[in-house]
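Note sheet for the following structure.
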Amino acid sequence: MAIPEGQISAAELLLMAASMVQPSHYLMVVVLVVVVFLYKFLEFHILGDFFRGFRGDPVSLIFDPGSKIYEDVVSKCRIIHGRYLATPWLSSPHFQTSFLNFFGRPPHFIYRRQLFSVHDGGTIALDWLFAFDGSELQSVMFIILLSEVGSGSSDDDAVISKDDTTPIVVVVPGLTSDSASAYIKHIAYNMAKRGWNVVVGNHRGLGGVSITVKYLGEEGESTPISGAASICSPWDLVVCDRFISRNLVQRLYDKALTIGLKGYAQLHQPVLARLANWDGIRESRSVRDFDHHATRHVGKFETVDTYYRRCSSVSYLGNVCVPLLCISALDDPVCTKEAIPWDECRANRNVVLAATTHGGHLAYFEGISASSLWWVRAADEFLAVLHSSPYLHVQKLHRQHFLSPRETSIDKSPYVNITEDGLVPAIKDGSDNEDIPHQSDETAAQNEIATAVSGREHTVRTSTILETTPTSLPSDQNGEEEGNAQMSQDAPHGQVRSSLNQLAKQSKKSMWLLLYIAIMSSWPLVGSTLLFLFRNKLKVFSPGSMRRRQI
């Protein structure tokens, strides 16, 4: 029986059509829309990996056609010339990066920490992992203190003797990272297992001093570094700054980095409150805000962009005179591919750039169990081939010692906190040493902050692995060693528990923040998609269509 026209309104027809659809169909549509949205939003690529037979994507190599470094070193690296396939259940740059930060699966070992206290009151912390042979690391943690007092110590007190020919790998963490970071432990363990000595230089303010790829460009041929590898570098800080505030996902990473920087600033509040705008630092919502209120003031830069331009490593890439392997992922969610210096790498015969389609930021998990990082194996192989080649860089210019006797001072018995990770951050005991001049606490703290903040590059957890030739400890004019070794006795367990509790709270906050942003960002798109689908669905139940069916 045909329904007379004009007796049923459009709204009633709409309700009738909607009631004829099974609820399970609605649920299927919602689930499908959410899955498609999350697949695109989180940049999953498992379907692409599936259709390529899980063979992975080839690595693109950029280099000068006449480069001897490529011809005689990189060309022999099997891993770089192969393919990279991400762990299937981590086939998203965001999943990879998040998994590295929250889990990481680092190997378990204990560093040996070497502490330096320099003339400006700052502390330089070097964490050593010495070469070992076997599946387990036989290492005992101790502290080595260098002092001008008792300069007649024997060579046995030194970390590495003059006659030791074992290669040394210097690992430099990225922004807000230290030797306890998962990706740092991966490369350190892997190189020590090869039979090389590894030292991690912690950032100043976090217990150490920083050296980057930009350092290679500044020093040129005068650097003692024999070769280097740079992983996921931001390169151009101006471009990366624009990228990290471009959309919702990047703003999430920006927020996470800002939280880390504000936590670092909180440790030095008394000094930063005088040198910078502390209220602005406390209310910073982005890395750029933090640099505007803190770094720009301490470093005496006119603007934030001025600071970014002067500190970007891309400007110094042409001056690099050591063999350098650069690894970058095109889907890096922190350091955009737009900042990769393709032409600059191609113009320098000492530089080879390896660009992968996937990998995230410093992640590159591989295998079903995600137990290893691809970039760690690639850098390991590159340094090993380079070490056996005749292209190791040799220092061309005479350099002064890193720390001369007059520049070096350290307390005899500092208090230490020993954590389960093997970290031994130094804490001043406040005792005076009459033989060694010290600045006032306020002046030393100001120098510490000024060096840490103004010299900070936005490496954004960039890892730089530097291979150096073995060297002995700094010595005085009479050739006597300056170091004395002392064993750590006690561990303040209360501070350990406090640090672990604080870390757990930060992880929980980050997870809740991620969940909140995912829900709030996906809802508008889901609603729009449902509206679009309903419109197409209701066309089938329009009055004209129903009349045609009845006829």
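Worth knowing before you read on, the calculation uses all heavy atoms, side chains too, and leaves out hydrogens, waters and symmetry mates. Counting begins at 1 with the first residue of the sequence.
- Residues Glu218 and Asn319 form no side-chain contact, since every pair of their non-hydrogen atoms from C-beta on lies 4.5 Å or further apart.
- For the pairing with Asp331, the side chain to side chain contact (heavy atoms under 4.5 Å, CB included) check across His361, Gln96, His358 returns one residue only, His358.
- The side-chain heavy atoms of Ser328 and Ile340, taken from C-beta on, include a pair separated by under 4.5 Å.
- No close placement of the His186 and Trp375 rings is indicated, their centers lying 6.0 Å or farther apart.
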Is there a side chain to side chain contact (heavy atoms under 4.5 Å, CB included) between Phe63 and Val74? Walk through the geometry before answering. CA-CA 10 Å; Phe63 56 91; Val74 178; over 6 Å; no
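- Using a 4.5 Å heavy-atom threshold, the side chains of Tyr364 and Cys232 count as touching.
- Ring centroid separation for the pair Phe103 and Phe99 comes in under the 6.0 Å cut-off.
- Not a single donor-acceptor pair under 3.5 Å links the side chain of Asp254 to the backbone N or O of Ser286.
- We find that Glu302 and Arg296 are not joined by a salt bridge, their nearest charged nitrogen and carboxylate oxygen being 4.0 Å or further apart.
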Side chain to side chain contact (heavy atoms under 4.5 Å, CB included) between Asp57 and Thr356, intermediate numbers included: CA-CA 7 Å; Asp57 296 293; Thr356 60; over 6 Å; no
message: With side chain to side chain contact (heavy atoms under 4.5 Å, CB included) as the criterion, how do Tyr215 and Ile225 come out once you've worked through the C-alpha distance, each side chain's angles and the decisive distance to 0.1 Å?
response: CA-CA 10 Å; Tyr215 160 80; Ile225 303 300; 4.0 Å; yes
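- From Leu325, atom CG reaches atom CZ of Phe382 across 5.0 Å, with rounding to the nearest 0.5 Å.
- Residues Asp291 and Tyr308 are in side-chain contact: their nearest non-hydrogen atoms beyond the backbone lie under 4.5 Å apart.
- Within the 4.5 Å cutoff, the side chain of Thr87 has no heavy atoms near those of the Trp374 side chain.
- The residues Arg113 and Asp127 are annotated as salt-bridged, a charged nitrogen and a carboxylate oxygen being separated by less than 4.0 angstrom.
- With a 6.0 Å cutoff to the six-membered ring centre and a 45° limit on the axis angle, Lys68 does not count as a cation-pi contact of Tyr391.
- In this structure, Gly195 and Thr166 approach most closely via the heavy-atom pair O-CG2, 3.3 Å.
- You'll find the side chain of Glu344 reaches within 4.5 Å of the side chain of Val314, heavy atoms only.
- Checking side-chain atoms of Glu366 against main-chain N and O of Tyr84 turns up no donor-acceptor pair under 3.5 Å.
- In the model, Thr306 has a side-chain atom that pairs as donor or acceptor with a side-chain atom of Thr303 under 3.5 Å.
- Within a 6.0 Å sphere centred on NZ of Lys337, heavy atoms belonging to other residues, nucleotides or ligands number 12 at most.
- Between Glu71 and Lys76 there is no salt bridge, since no side-chain nitrogen of the basic residue lies less than 4.0 Å from a carboxylate oxygen of the acidic one.
- Within a 6.0 Å radius of CZ in Arg377, other residues, nucleotides and ligands contribute more than 12 heavy atoms.
- Between Arg346 and Asp64 there is no salt bridge, since none of the side-chain N atoms of the basic residue sits less than 4.0 Å from a carboxylate O of the acidic one.
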Q.
Let's go through Phe365 and Ser371 carefully: what are the C-alpha distance in whole Å and the side-chain angles of both, what is the deciding distance for side chain to side chain contact (heavy atoms under 4.5 Å, CB included) to 0.1 Å, and is it a yes or a no?
A. CA-CA 7 Å; Phe365 285 101; Ser371 58; over 6 Å; no
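- Remark: Arg310 does not engage Asp305 in a salt bridge, criterion side-chain N to carboxylate O under 4.0 Å.
- Residues Thr223 and His393 form a side-chain contact, since some pair of their non-hydrogen atoms from C-beta on lies under 4.5 Å apart.
- Not a single donor-acceptor pair under 3.5 Å links the side chain of Ser98 to the backbone N or O of Phe95.
- Under the 3.5 Å distance criterion, the side-chain polar atoms of Asn197 are matched with a main-chain donor or acceptor of Ala131.
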